[in-house]
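Beneath this line is the structure, given in structure tokens, with notes to follow.
Position 1 is the first residue of the sequence; numbering continues from there. Just so it is clear, the values below take in all heavy atoms, side chains as well, and ignore hydrogens, waters and symmetry mates. Atoms within each ligand, like the ligands themselves, are counted from 1 in listed order.
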Amino acid sequence: ACAVRGPHVAMLATPGMGHLIPLAELAKRLASRHGATATLITFASTASATQRAFLDSLPPAVTSLSLPPVDLSDLPRGAAIETLMSEECARSVPALTSILLDLKRSTGGRLAAFVADLFGADSLDAARAAGVRRRCIFFPSNLHALTLILHLPELDASVRCEFRDLPEPLRLPGCVPIPGPDILMPLQDKSDPCYRWMVHHGEKYRDADAILVNSFDAVEPGPAKILRQPADHRPAVYPIGPLIHAVGRRDDKDALCLEWLDRQPARSVIFVSFGSGGALPTEQMRELALGLELSGQRFLWVVRSPSYEGAVNDNYYDAESKKDPFAYLPEGFVDRITASGVGLVVPSWAPQTKVLAHAATGGFLTHCGWNSVLESLVYGVPMVAWPLYAEQKQNAVMLSDGVGAALRVPESKGRRRSRPRCGGGDAGRREGRRGQGPRWPSCKRPPPRASATGAPPPPRWPRWWRGGRRQVDKRRTRVMLML
Ligand code: UDP
């Protein structure tokens, strides 16, 4: 689309806005700072309106195209999302190879690198077959999760039991110890095909020339120090984060949230959102509504329709609520909070970075998706962690026990945990910290309490946090072009 001479980079985004957004941000950075152009390649299974609007908003230097659909009808109903993404990628290798060959021709030899995100490891084969010179993995999560995946081939051989049954927290080099039940969700049931896929990715990452990670040293000093050192058994690792969705100018569709926030006192609002794919079971959704109302705290809640049969990632593939989410809230709830002005509920989607950057936002009840965490850190908003799936539970442990930037939602005795969408397994029912009671004592600070005025007390930040905004300027996207 652009008449430029700079290098061209092809990027493969596996399904999920949490993968697409930071990859697009990397593409924009390469374009604005290094004169590159980029093609974002997406999968046919994720053609949601939210994704389309996002792709359409990218600058002309970043174009996009979709792979042709692949047949996944032979996979069992209820297969884990990690299995679906990995299968879709592996089955798309021939189509991707011809797309990359076309791109090579059409960009006149400028195609300098191919970048695939975390579930796209098999696509490195397509890039090799098409003769793309540099082949990288972009890991949109953190260095803790990457350390785990890189160690998976050994752990698969040495850990005989299920991770959730480990008697001691898992200790990996430089990392905060992670209790077994909090380890990456797709590893919680070794009989599920998604476990095997994750081990496969851990092996396949070794074929990459480099791994770029959306994290930074100050938030994960331990694994950053170790992964920055060259090692024979893995590619070079570059923490290039935080790459977050740029705030940009206000537009009409932001008005509902931002104009309401404009009317609230500074740092008085708790923002409640479970990411682009999260869903709560109906019962928890109703309890959350009542809890928010009873707290008297100001809140802005992105409401999504509840999960079906407890699958906490129900909205993952379309990033939109499947049904009218307000229909599941307690009777009269929306009218009451609207009349009192204490809360605002919005269906499906909010301009999250703009909300977190707003002066009225004082806290974030989050599912701990890594993009949400980075956005919260950059804008200095303390978090309350309510992890649902993927690596969110280990993120919550790292943030509460390591960084000190989040408190975990305590779990009451006997509360039944939400179940990840794992084919055939009942891992979710077995996993968790059932019966262990609240986790506040393991946190570095007591939970925030609303004062008499309803405003939360001033947060106590980790020392480095104030520098969060400065960290944004230190991104090292240049490594992409130096490789
Ligand atoms: N997001 C948003 N509005 C919403 C929900 C999510 O803009 O209502 C954005 C959010 O800012 C983040 C991404 O979608 O950049 C979600 O990524 P994350 O890793 O936090 O969670 P995931 O959706 O992958 O579980």
* Hey, is Lys190 close enough to Glu162 for a salt bridge, meaning N to O under 4.0 Å? -> no
* Nitrogen or oxygen atoms of Ser273 and ligand 1 under 3.5 Å apart -> no
* Any heavy atom of Cys368 sitting closer than 4.0 Å to ligand 1? -> no
* Asked: So, are Arg408 and Asp401 salt-bridged, with charged N and O less than 4.0 Å apart?
  -> no
* Asked: Tyr389 near ligand 1, heavy-atom distance under 4.0 Å?
  -> yes
* To do: Mark up the atoms of ligand 1 that fall under 4.0 Å of a heavy atom belonging to Ala350, in ascending order.
  => 2 (C), 3 (N), 4 (C), 7 (O), 8 (O)
* Structure fact -> Restricting to heavy atoms, the pick from Asn395, Ile21, Val346 nearest atom 13 (C) of ligand 1 would be Ile21
* Min N/O separation Thr353 to ligand 1 under 3.5 Å -> no
* Structure fact -> So for Gln352 against ligand 1, with non-hydrogen atoms under 4.0 Å, the contacting part is both
* Asked: Do the charged groups of Arg91 and Asp122 touch, with an N to O distance under 4.0 Å?
  -> no
* Asked: Among side-chain atoms of His200 and Ser86, is any donor-acceptor pair under 3.5 angstrom?
  -> no
* Among side-chain atoms of Asn142 and Asn395, is any donor-acceptor pair under 3.5 angstrom? -> yes
* **Proximal ligand 1 atoms for Trp370, defined as those under 4.0 Å from one of its heavy atoms** => 19 (O)
* Please verify whether a non-hydrogen atom of Glu375 lies at under 4.0 Å from ligand 1. => yes
* Is the distance between the ring centroids of His358 and Phe271 under 6.0 Å? -> no
* Asked: Under 4.0 angstrom from ligand 1, any heavy atom of Gly16?
  -> no
* Asked: Is there a heavy atom in His367 that sits closer than 4.0 Å to ligand 1?
  -> yes
* Evaluate the ring planes of His367 and Tyr389, with Trp represented by its six-membered ring, and classify them as parallel (under 30°), tilted (30 to 60°) or perpendicular (over 60°). => tilted
* What atoms of ligand 1 come closer than 4.0 angstrom to any heavy atom of Gly18? -> 17 (O), 24 (O)
* Hey, are Asp189 and Arg164 close enough for a salt bridge, meaning a charged N less than 4.0 Å from a carboxylate O? -> no
* To do: State if Gly278 counts as touching ligand 1 under the rule of any non-hydrogen atom under 4.0 Å.
  => no
